[in-house]
**Student:** 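Below is one structure. I have some questions about it.
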Amino acid sequence: LEDSPQDNGVQTNQYSSISPPASPVAQEEPFSTYFEDKVAIPENLLWVLLVATIIGLLLQRLAARLGVVTGMHLAEVCNRQYPTVPRVILWLMVELAIIGSDMQEVIGCAIALNLLSVGRIPLWAGVLITITDTFVFLFLDKYGLRKLEAFFGFLITVMALSFGYEYVLVKPDQGELLKGMFLPYCAGCGPVQLEQAVGIVGAVIMPHNIYLHSALVKSRDIDRKNKKEVKEANKYYFIESTIALFISFLINVFVVAVFAEAFYNKTNMEVVGIHPHSGLFPQDNNTLEVDIYKGGVVLGCVFGPAALYIWAIGILAAGQSSTMTGTYSGQFVMEGFLNLRWSRFARVLLTRSIAITPTLLVAIFQDVQHLTGMNDFLNVLQSMQLPFALIPILTFTSLTSIMNDFANGLVWKISGGVVILVVCAINMYFVVVYVTALNSVLLYVLAAIFSIAYLCFVGYLVSSITATL
């Protein structure tokens, strides 16, 4: 990437225009909280999944349009349009999301390996084994982008078949499933269900993937001087995103429906433990509490060992696909925000090293419940970082100085603004609910400082949108 003459200067409040490059450049690409209290996801949260998927599709559309029209990805545009301090803060927020995603990949793979080995591979050993998959990924990277895309497609297929098998095996009530998907309600929902809903949004609309999607379109040869060709490219990218997110939505429905049908309102006594997991569930009539680890165990108890192993294979495939997206988005974000070129080897080792350290400590000194509790927290963290992708992408795609004839219309601007307000409001409400459950004055103060800083920075970014409305 070439340095921009504006990179080192302080920007004014007016956004500068961006001229697309003549030709595209191919890219080479010690207290307890209710996070530890697990309940099965009821089917009446499926509408949250549907809405999150639709919003994710619209955001991917904006990200692709930005990349197609300008020939630059979102991080590069941020570099040119924001002053140094907010640009660095924005980069740190996106990096935090990427590291959080990589920690989830580590957690998922460690749990999957523990299940596949019937407990012979302890969680801490599974965490260490995940170091090797980075080298496998880097090995495949040498064979080119198309080979990586094919491998990614293979992982998606494995996930679809694995979780689809579980869905057919469990046989959820299709009428209730459709009701939960299209009727937006949640009877008797409380803080735990709120956490789940926020986690669903964060898991579906990962902020760093918006940056990634705006960069991947640069690998295609597009004549950006030809308005018809740019319009056609935008159309086909939207179709591609629709297909990809539809498949992703089906996989997520499989997972949520399996949890809802197999585990919801079940008691511990209804689950018959099998070796070596016989002591995992209390021998009482309390409501069954499950997570991705216990979920696999229960499936194995009720539907046979094959269900457990297939569940674990699906989790393992999901973790590997997360490694790929995290590595590429991390590289594009670092290059775009900082004009800093690192090899993928250095980049992936840095991210994985940061991700493994806290995960390994939890795996060694705590148990699987704390590990899966960390995974849920990381999903919520993704949601907290969403405004730092939503606001820039909406701002830049609304500016005619950047997008020319392809700038957002009034409907897109208002709709995007509403989404941003809703996401920020939910995030702040969740912080209040979470912190009040901790019963600590010190944490109240820290949360207040965090909330003020968070809202001030979001407010700064939002102020840039008002100039475009």
Side-chain angles (χ1 to χ4, degrees), residues 38-54 56 101 104-105 107-112 115-116 155-174 176-181 186 192-193 195-206 209 244-266 288-303 306-322 325 368 371-373 375-380 382-383:
K38 301 289 173 278
V39 299
I41 299 176
E43 285 181 345
N44 56 19
L45 284 184
L46 280 175
W47 64 271
V48 178
L49 177 61
L50 177 61
V51 171
T53 303
I54 294 173
S101 176
Q104 289 179 298
E105 187 273 326
I107 293 170
C109 287
I111 290 175
L115 290 173
L116 288 171
L155 293 174
I156 297 296
T157 302
V158 171
M159 281 190 285
L161 293 176
S162 299
F163 297 130
Y165 170 84
E166 306 286 355
Y167 180 85
V168 172
L169 190 67
V170 171
K171 298 178 182 178
D173 186 318
Q174 301 303 306
E176 287 297 315
L177 186 143
L178 292 174
K179 180 181 176 182
M181 189 179 298
C186 187
V192 176
Q193 287 74 24
E195 181 233 327
Q196 291 173 336
V198 175
I200 288 173
V201 174
V204 174
I205 317 173
M206 289 191 171
N209 281 348
L245 281 178
F246 177 71
I247 296 173
S248 172
F249 176 70
L250 286 181
I251 294 174
N252 287 325
V253 167
F254 291 160
V255 174
V256 175
V258 166
F259 265 63
E261 185 67 23
F263 315 136
Y264 190 55
N265 282 338
K266 298 290 192 303
L288 178 67
E289 298 178 353
V290 296
D291 44 47
I292 61 173
Y293 178 79
K294 287 184 177 179
V297 174
V298 174
L299 288 172
C301 294
V302 179
F303 300 102
L308 184 151
Y309 296 130
I310 293 173
W311 175 264
I313 290 171
I315 296 174
L316 190 62
Q320 298 309 304
S321 65
S322 178
T325 57
V368 69
L371 203 61
T372 52
N375 188 58
D376 293 338
F377 173 78
L378 292 170
N379 273 335
V380 175
Q382 298 292 341
S383 180

**Student:** Applying the side-chain contact (heavy atoms from CB on, under 4.5 Å) test to Met181, which of Val253, Leu49, Val48 qualifies?
**Tutor:**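 With Met181 as partner, side-chain contact (heavy atoms from CB on, under 4.5 Å) holds for just one option, Val253.
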**Student:** For Tyr167, which residues count as a side chain to side chain contact (heavy atoms under 4.5 Å, CB included) partner, sequence neighbours excluded?
**Tutor:** Pro172, Gln174, Leu177, Phe254, Ala257, Val258
**Student:** For Tyr165, give me all partners under side chain to side chain donor-acceptor pair (under 3.5 Å), at least two apart in sequence or on another chain.
**Tutor:**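 Once residues adjacent in sequence are excluded, Tyr165 has no partner under the side chain to side chain donor-acceptor pair (under 3.5 Å) criterion.
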**Student:** Got a sec, which residues hit side chain to side chain contact (heavy atoms under 4.5 Å, CB included) with Ala160, two or more places apart in sequence or on another chain?
**Tutor:** Ile251
**Student:** Mind checking the CZ-CD1 spacing from Phe163 to Ile315? Nearest 0.5 Å is all I need.
**Tutor:** 5.5 Å
**Student:** With rounding to the nearest 0.5 angstrom, report the CG to CG distance, Asn252 to Leu50.
**Tutor:**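 Output value for this atom pair is 11.5 Å.
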**Student:** Using the side chain to side chain contact (heavy atoms under 4.5 Å, CB included) criterion, which residues pair with Val158? Sequence neighbours excluded.
**Tutor:**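 Val158 satisfies side chain to side chain contact (heavy atoms under 4.5 Å, CB included) with Phe154, Ser162, Ile313, Ala317 once adjacent residues are dropped.
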**Student:** Looking only at non-hydrogen atoms, find the nearest pair between Lys171 and Val168 and report the distance.
**Tutor:** CG-O, 3.0 Å
**Student:** Should Tyr309 and Leu299 count as side-chain neighbours, where that means a heavy-atom distance under 4.5 Å?
**Tutor:**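 Of all side-chain heavy-atom pairs linking Leu299 with Tyr309, none is under 4.5 Å.
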**Student:** Looking at Leu115 and Ala312, what are the two nearest heavy atoms and their distance?
**Tutor:** CB-CB, 3.9 Å
**Student:** So, for Leu169 and Ala307, which heavy atoms are closest and what is the spacing to 0.1 Å?
**Tutor:** CD2-CB, 3.7 Å
**Student:** Mark yes or no for whether Ser248, through its side chain, and Ala244, through its backbone, hold a donor-acceptor pair below 3.5 Å.
**Tutor:**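 Checked: no pair found.
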**Student:** Rounded to the nearest 0.5 Å, how far does CH2 of Trp311 lie from CD1 of Ile111?
**Tutor:** 10.5 Å
**Student:** Nearest 0.5 Å please: distance from the OG1 atom of Thr325 over to the CG atom of Asn209.
**Tutor:**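 One gets 5.0 Å once the value is rounded to the nearest 0.5 Å.
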**Student:** How far does CD1 of Ile310 sit from CG of Leu116, to the nearest 0.5 angstrom?
**Tutor:** 11.0 Å
**Student:** Taking only residues two or more places apart in sequence or in another chain, which ones pass side chain to side chain contact (heavy atoms under 4.5 Å, CB included) with Ala318?
**Tutor:**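 Ala318 satisfies side chain to side chain contact (heavy atoms under 4.5 Å, CB included) with Met159 once adjacent residues are dropped.
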